[in-house]
Amino acid sequence: MIIKNPSEVAVILELLSQAYPQAHCELNFTTPFELLVATVLSAQSTDQRVNKVTARLFAQHRTPAEFLRLSQADLEAEIQEIGLFRSKAKNILAACRALREEFGGAVPRTLPELMSLPGVGRKTAKVVLSNAFGIPALAVDTHVFRVANRLGLAQSTRVEETERQLEAVIPREQWIQTHHRLIWHGRRRCGARKPACEGCTLQAHCEYFCLEHRPK
DNA sequence: AACTCGGGGCA
DNA sequence: TGCCCAGAGTT
């Protein structure tokens, strides 16, 4: 197991905070419900495309009750420029019915309750918990998974285990910020295909960089 | 844990 | 055409 020790983890977290001091959720929302919808829409899409769609959508529909005035065909038309729009429209309306019938129209604040909603998996549920309610949660998506493993904050081929390792090694009060910084790093520099290692301030602490640049 | 689903954008 | 995009659900 090559997971880094607490002192080196602290150094990495500090370097990340210096590199991405402003890292934050880039989905636009004003209520927990809006974030829930935006996050469901963002799966296999980009926040830029999602924001474009939700700007129009949320101007007219802001609550489960208001969404339920839309037919599935209406909603599909509204979100058509986002991928997977058919299943997303169906899931969002089903989630709105569940919110109305099981949670009094409010977005629940626990992981199992959120995950019981159609179209809401572990990652989406954690994004809502952390960004809408400020409840510490570390969601592992493709960026977090890749970057955390490259940096040696985790060492696993499985998402669940990566999540446990990150939660063990990162102080709880830093989960939310760190989550955003790992994603920003993954998107802006440490991409899947060709990471821009040149000029990266994390080189000295990166297992991936060491592996690729080790003298043969 | 592996597999399936599934759509727009961009090279 | 092939690959990516801040996954979810089923087996």
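So that the names make sense, note that chain A is the first sequence line, chain B the second, and so on, each numbered from 1.
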NA contact type, A:Glu81, heavy-atom cut-off 4.0 Å: base, sugar-phosphate, or nothing? sugar-phosphate
As a test of understanding, state which of A:Thr54, A:Val50, A:Ile82 forms a side-chain contact (heavy atoms from CB on, under 4.5 Å) with A:Ser42. A:Val50
Is the distance from OP1 or OP2 of B:dG7 to the nearest side-chain N or O of A:Ser45 less than 4.0 Å? no
Contact class for A:Val120 vs. all strands (heavy atom < 4.0 Å): base, sugar-phosphate, or nothing? sugar-phosphate
Euclidean distance, atom CG of residue A:Asp141 to atom P of C:dA6 [Å, nearest integer]: 8 Å
Base, sugar-phosphate or nothing for A:Gly83? Non-hydrogen atoms, less than 4.0 Å. base
A:Gln80 has an atom CD; how far is it from atom P of B:dG8, in whole Å? 7 Å
Provide, to the nearest angstrom, the distance between the CZ atom belonging to A:Arg49 and the C1' atom belonging to B:dG8. 5 Å
CD of A:Glu160 versus P of B:dA1: gap in Å, rounded? 7 Å
With a 4.0 Å cut-off on heavy atoms, is A:Thr39 in touch with a base, just the backbone sugar-phosphate, or nothing at all? nothing
Rounded to whole Å, please give me the gap between CG in A:Leu41 and P in C:dG7. 13 Å
At 4.0 Å (heavy atoms only), tell me whether A:Thr142 reaches a base, stays on the sugar-phosphate, or touches nothing. sugar-phosphate
Can you check the A:Lys90 NZ to C:dG9 P distance for me, whole Å? 11 Å
Tell me whether the OP1 or OP2 atom of C:dC3 has a side-chain N or O from A:Arg193 closer than 4.0 Å. no
Identify which one of A:Lys126, A:Arg158, A:Lys123 satisfies the salt bridge (charged side-chain N to carboxylate O under 4.0 Å, His left out) criterion when paired with A:Glu163. A:Lys126
Using atom NE2 of A:His180 as one end and atom P of C:dA6 as the other, report the distance to the nearest whole Å. 13 Å
Among C:dA6, B:dA1, B:dG6, the one nearest A:Leu84 by side-chain distance: B:dG6
Over all strands shown, is A:Arg187 touching base, sugar-phosphate only, or nothing at heavy-atom distances under 4.0 angstrom? base
Does A:Lys88 come within less than 4.0 Å of A:Glu78, counting only side-chain N to carboxylate O? no
